[in-house]
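All of these numbers come straight from a predicted model, not from anything done at the bench.
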Amino acid sequence: MARLFGTDGVRGLANGDLTPELALSVSASAARVLSAHGHSPRPVAVVGRDPRASGEMLEAAVVAGLTSAGADVLRVGVQPTPAVAFLVAELSADLGVMISASHNPMPDNGIKLFAAGGQKLADGIEDEIESALSAEPARPTGAGIGRVSEVGDALDRYSQHLLAATPHPLTGLRVVVDCANGAASVVAPEVYRKAGADVVAIHAEPDGININDGCGSTHLGQLQSAVVEHGADLGIAHDGDADRCLAVDGSGEIVDGDQIMAVLALAMAESGELTHGTLVATVMSNLGLHLAMREHGVKLRTTAVGDRYVLEELRSGGYALGGEQSGHVVFPALATTGDGLLTALRLMSRVAQSGKSLAELAAVMRRLPQVLVNVRVADKAAVAKSPAVRDAVEAVEAELGGQGRVLLRPSGTEQLVRVMVEAPAHDIAQAAADKLAAVVAAVS
């Protein structure tokens with residue numbers, strides 16, 4: 001049976017794969033498991049959600065599950081995922097539950113769990129929660145049933161945290177922010193204005209149905225147009241739960257997560273904040289990021305794909321900055337998870353402090369053309385062991401010399417092998433990827 005928890009919680013079609021019954025069971029099981037691990041016998045859980053319509057239904061189920069297991073619930077309403085993680089620590093809670101499917105379309109939803117301190121749950125704890133779903137536990141009655149209360153100042157607490165982490169006022173900057181009709185719709189424009197920016201907000205009117213609908217960090221076209229139309233210095237794009245951030249420069253050109261990390265890494269190196277002079281990224285980050293960091297004396301450590309692996313490397317090495325090309329960026333001294341608003345504030349602060357445009361700052365890194373081909377296979381393990389595939393990879397790497405990169409990566413959820421090639425020109429990368437994809441298809 002497939003594991004219930006993916007790389008970022010439980011996710012699926014709301015009321016299809018992810019039913020209220022499942023949400024109730026997962027939240028009740030999480031409360032019991034964390035209680036058994038030495039937390040309070042009456043744990044406290046923070047519960048938040050993004051504004052998609054199914055969140056109302058699933059929030060009711062999650063609250064019922066938690067209270068049925070004897071946990072007290074602090075409801076914080078519609079909040080970004082990083083706000084829920086922050087509030088778990090801020091309110092000294094034992095558990096956090098965020099109901100969101102992030103950048104997924106509206107019909108999907110998900111449940112993300114945070115442990116005390118706002119940390120992501122370890123794989124082992126998730127396994128225990130999943131195993132406990134089939135048990136028939138004793139249920140508290142009477143005064144043992146959990147209680148529910150609202151945290152009226154949750155948004156203010158999170159906003160103050162963000163403003164305190166902004167190193168330079170944004171005075172003089174005009175920014176367009178695309179809120180994806182999601183969880184950032186209220187807080188992002190408000191915080192950016194309080195930090196000093198002149199803000200134009202788009203897609204900031206969530207109705208439960210329009211989240212991520214042709215907008216946000218996965219659909220940048222309207223933000224690009226709006227930046228040029230309003231004569232803005234830059235644009236910021238969030239996804240549905242605001243745990244990521246992409247940007248657009250003043251001419252409408254996209255600035256991706258790798259370029260954002262490059263700008264921030266050099267700013268933090270300059271200010272002495274870049275611990276051990278090291279940036280952490282995944283294997284999917286562009287070779288251009290590696291070359292730029294090498295040129296400026298910054299070490300780059302790479303991890304498997306997924307923000308949980310970036311977080312693990314940041315914690316184990318004591319590093320200060322890491323993230324993904326998709327715009328998940330983590331500052332461990334300031335947040336326990338990717339925070340799109342914090343990332344945007346730090347990026348805009350660098351623009352304001354330096355007096356340079358975002359385009360000038362992002363030019364420190366040149367993105368090499370990157371081609372990704374997904375090859376459906378019968379056996380991912382056979383591909384990994386194949387001498388023919390290994391020889392083909394070595395041949396392409398030799399052709400590219402030091403000017404490109406090859407990465408073959410099996411999908412974690414499907415019988416697919418992802419073939420990624422970077423090269424100085426797109427046609428070179430495409431030809432190399434197609435050649436490798438043909439070999440992979442032939443041996444599977």
Engineer: Does a side-chain heavy-atom distance below 4.5 Å link Asp249 with Leu234?
Structural biologist: no
Engineer: Would you say the side-chain atoms of Thr278 pair up with the backbone N or O of His276, donor to acceptor, closer than 3.5 Å?
Structural biologist: yes
Engineer: To check you understand the geometry: which heavy-atom pair defines the closest contact between Tyr192 and Leu341, and what is its length?
Structural biologist: OH-CA, 3.5 Å
Engineer: For the pair Asp243 and Lys112, find out whether any cationic side-chain nitrogen is under 4.0 Å from an anionic carboxylate oxygen.
Structural biologist: yes
Engineer: Do you know which two heavy atoms are closest between Leu95 and Ala30, and how far apart they sit?
Structural biologist: CD2-CB, 4.3 Å
Engineer: Minimum heavy-atom separation for Ile260 and Ala247, please, with both atom names.
Structural biologist: CD1-N, 4.1 Å
Engineer: Write down the atom of Ser68, the atom of Arg139, and the distance for their closest heavy-atom approach.
Structural biologist: OG-NH1, 3.9 Å
Engineer: Keeping the roles fixed (side chain from Asn181, backbone from Glu205), state whether a donor-acceptor pair exists under 3.5 Å.
Structural biologist: yes
Engineer: In terms of side-chain geometry, is the basic nitrogen of Asp123 or Arg308 positioned less than 4.0 Å from the acidic oxygen of its partner?
Structural biologist: yes
Engineer: Does Asp108 use its side chain to pair, donor to acceptor, with the backbone of His103 at less than 3.5 Å?
Structural biologist: no
Engineer: Quick one: does any side-chain atom of Thr67 pair with a main-chain N or O of Gly146 as donor and acceptor, under 3.5 Å?
Structural biologist: no
Engineer: Any luck finding a side-chain donor-acceptor pair between Asp339 and Tyr158 under 3.5 Å?
Structural biologist: yes
Engineer: Closest approach of Gly240 and Ala180, non-hydrogen atoms and distance?
Structural biologist: N-CB, 4.2 Å
Engineer: Counting distance only, does the side-chain N/O of Ser25 pair as donor-acceptor with the main-chain N or O of Glu21 below 3.5 Å?
Structural biologist: yes
Engineer: Between Asp72 and Arg42, is a salt bridge (charged side-chain N to carboxylate O under 4.0 Å, His left out) present by the stated rule, with each step listed?
Structural biologist: CA-CA 7 Å; Asp72 290 330; Arg42 189 180 180 98; 3.0 Å; yes
Engineer: Judged by atom type as modelled, is there a donor-acceptor pair below 3.5 Å linking the side chain of Arg418 to the main-chain atoms of Leu407?
Structural biologist: no
Engineer: Report all side-chain donor-acceptor pairs from residues 77-93 shorter than 3.5 Å, counting only partners two or more places apart or in another chain.
Structural biologist:
unit_1: Gln79; atom_1: NE2; unit_2: Val76; atom_2: O; d: 3.2
unit_1: Thr81; atom_1: OG1; unit_2: Asp241; atom_2: OD2; d: 2.6
unit_1: Glu90; atom_1: OE2; unit_2: Arg157; atom_2: NH1; d: 3.2

Engineer: Looking only at non-hydrogen atoms, find the nearest pair between Ala352 and Leu170 and report the distance.
Structural biologist: CB-CA, 4.3 Å
Engineer: Between Ile202 and Val177, is there a side-chain heavy-atom distance shorter than 4.5 Å?
Structural biologist: no
Engineer: For Thr275, what residues pass the side chain to side chain contact (heavy atoms under 4.5 Å, CB included) criterion, not counting sequence neighbours?
Structural biologist: Ala320
Engineer: Donor-acceptor check, side chain of Asp178 to backbone of Gly216, threshold 3.5 angstrom: yes or no?
Structural biologist: yes
Engineer: Are the side chain of Arg346 and the backbone of Ala165 linked by a donor-acceptor contact shorter than 3.5 Å?
Structural biologist: yes
Engineer: Answer yes or no: is there a side-chain heavy-atom contact under 4.5 Å between Thr282 and Tyr309?
Structural biologist: no
Engineer: Does one side chain, of Asn109 or Arg11, offer a donor that lies under 3.5 Å from an acceptor on the other?
Structural biologist: no
Engineer: Does this structure show an ion pair linking Lys120 with Glu126, if we count only N-O contacts that are shorter than 4.0 Å?
Structural biologist: no
Engineer: Determine whether more than 12 heavy atoms belonging to other residues, nucleotides or ligands lie under 6.0 Å from atom CZ of Arg147.
Structural biologist: no
Engineer: Are side-chain N/O atoms of Gln119 and Arg315 paired as donor and acceptor at under 3.5 Å?
Structural biologist: yes
Engineer: For Leu287, does its backbone N or O pair with a side-chain atom of Glu422 as donor and acceptor, under 3.5 Å?
Structural biologist: yes
Engineer: Would a distance-only check, ignoring hydrogens and angles, find a side-chain to backbone donor-acceptor pair under 3.5 Å from Ser285 to Ala281?
Structural biologist: no
Engineer: Quick one: which of His238, His219, Gln222 gives a side-chain hydrogen bond (donor to acceptor under 3.5 Å, both in side chains) with His203?
Structural biologist: Gln222
Engineer: Applying side chain to side chain contact (heavy atoms under 4.5 Å, CB included), run through Leu347 and Val329 and close with a yes or a no.
Structural biologist: CA-CA 11 Å; Leu347 181 66; Val329 178; over 6 Å; no
Engineer: Do Glu128 and Arg32 meet the salt-bridge criterion of a basic N to acidic O distance under 4.0 Å?
Structural biologist: no
Engineer: Would you mind listing every ring pair (Phe, Tyr, Trp, His ring centres under 6.0 Å) that reaches into residues 55-81, with sequence neighbours excluded?
Structural biologist: none
